[in-house]
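Reading through the structure tokens given below for one structure.
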Amino acid sequence: MRIARFVARRLLQLVPVLLGVVVATFVLVRVLPGDPIRTILGPNATEAEAAAARARFGLDQPLWKQFLDYLGGLLTGDLGTSIQSGNAVAGELALRVGPTLQLVVLAVAVAVLIAVVGGIWSARRADRAADHGIRVLALIGNSVPEFWLGLVLVLVGYSMLGWFPAPSGRVDPDTNLTPITGAELIDAALTANGPAFTSALAHLALPVATLAIVVVAPLLRSVRASALEVLHSEAYTAAAAHGLRDRLLRRGYLVRSALVRLPSLAALVFGTAIGSTVLIEYVYSWQGFGQWALRGLLYRDFPVVQASVLLIAVCYVLVFLIADVVHAILDPRVKI
């Protein structure tokens, strides 16, 4: 009940935050130099054609009128019409956000699992060769560019070993998968389509591995540092001196205390992972949210940029809300 009240209170606090994001994004995309209509129509378009396009997308109206129309659309779920394609932004967003969220959530989950196991294992072997090896691997993973790492994994996993499918999509087209959420793995599970599930999992393996390797380093370092603090604490030393079994020491003293800082850091890493998907989607021909948002920014497609920023803001605040709840569960000293 206490957590439910905390969640309800935090959800109410999100309203002014998201309203600030809406206002700031609307103003910023319009004060930046460049004309989206001219960018899309090209230099050979006449003034009459440009004026007709502006009128069609409401860009000939005063800014206050455009903003009120945008706010009114948001209240009804209308995110506007893409200037590039002429299609509803909400429909285009729904097609692309599922695959990208599926990729990011799986990659962050894999990274957290590796960080927890590797960080605690490394801390228990501090200053030994295994500990140095783990830290060097994490540093290398954090240092290499994601597009280069993706190309290397494609070269090894697909071209040399043949273990994974070609980087040309998210699922084999002959699996007859019925789209529901846009996330192929979930859709295959919901429709009990075994071949599609296997195909989607195989297509996800390399992109998830690429993203997980890129983001795992800060999580691993955090877990290792927290575990070292616990191992050197008086409470842990006293418990060990009383002859408690190693398994009880790990579960009762080490693991839970070492994970206290992890939720907040994982929430930050989640945001970083969303930004990193742009290059990974290009390498694996993923056709997801990142590519779509980048094209919108390049063409100054106002509705697409506004919807992209708003979605990222919603993801951020929801992930931090989850992180706060998990933090409170792990650490009884935290009052919510």
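This chain uses plain numbering: 1 for the first residue, then up along the sequence.
Donor-acceptor pairing under 3.5 Å is recorded for the side chains of W292 and E92. Side-chain N/O atoms of R96 and Q291 include no donor and acceptor closer than 3.5 Å. D301 and S82 are linked by a side-chain donor-acceptor pair at a separation below 3.5 angstrom, with hydrogens and angles left out of the test. Between the side chains of T210 and E146, not a single donor N or O lies within less than 3.5 Å of an accepting N or O.
Residues F197 and L185 have side chains in contact (heavy-atom distance under 4.5 Å, counting atoms from C-beta outward).
For F67, the CZ atom sits in a packed shell: over 12 heavy atoms of surrounding residues, nucleotides or ligands are nearer than 6.0 Å. Heavy-atom neighbours of Y282 OH from other residues, nucleotides or ligands within 6.0 Å: above the threshold of 12.
A distance of 11.5 Å separates CG in L149 from OG in S143, rounded to the nearest 0.5 Å. Residue L139 holds its CG atom at 13.5 Å from NE2 of H132, rounded to the nearest 0.5 Å.
In this structure, R170 contributes its side chain and W286 its backbone to a donor-acceptor pair below 3.5 Å.
Taking the six-membered ring for Trp and thresholds of 30 and 60 degrees, Y316 and F320 have nearly parallel ring planes, at less than 30 degrees apart.
In summary, D131 and R124 do not engage in a salt bridge, as defined by a charged side-chain N under 4.0 Å from a carboxylate O.
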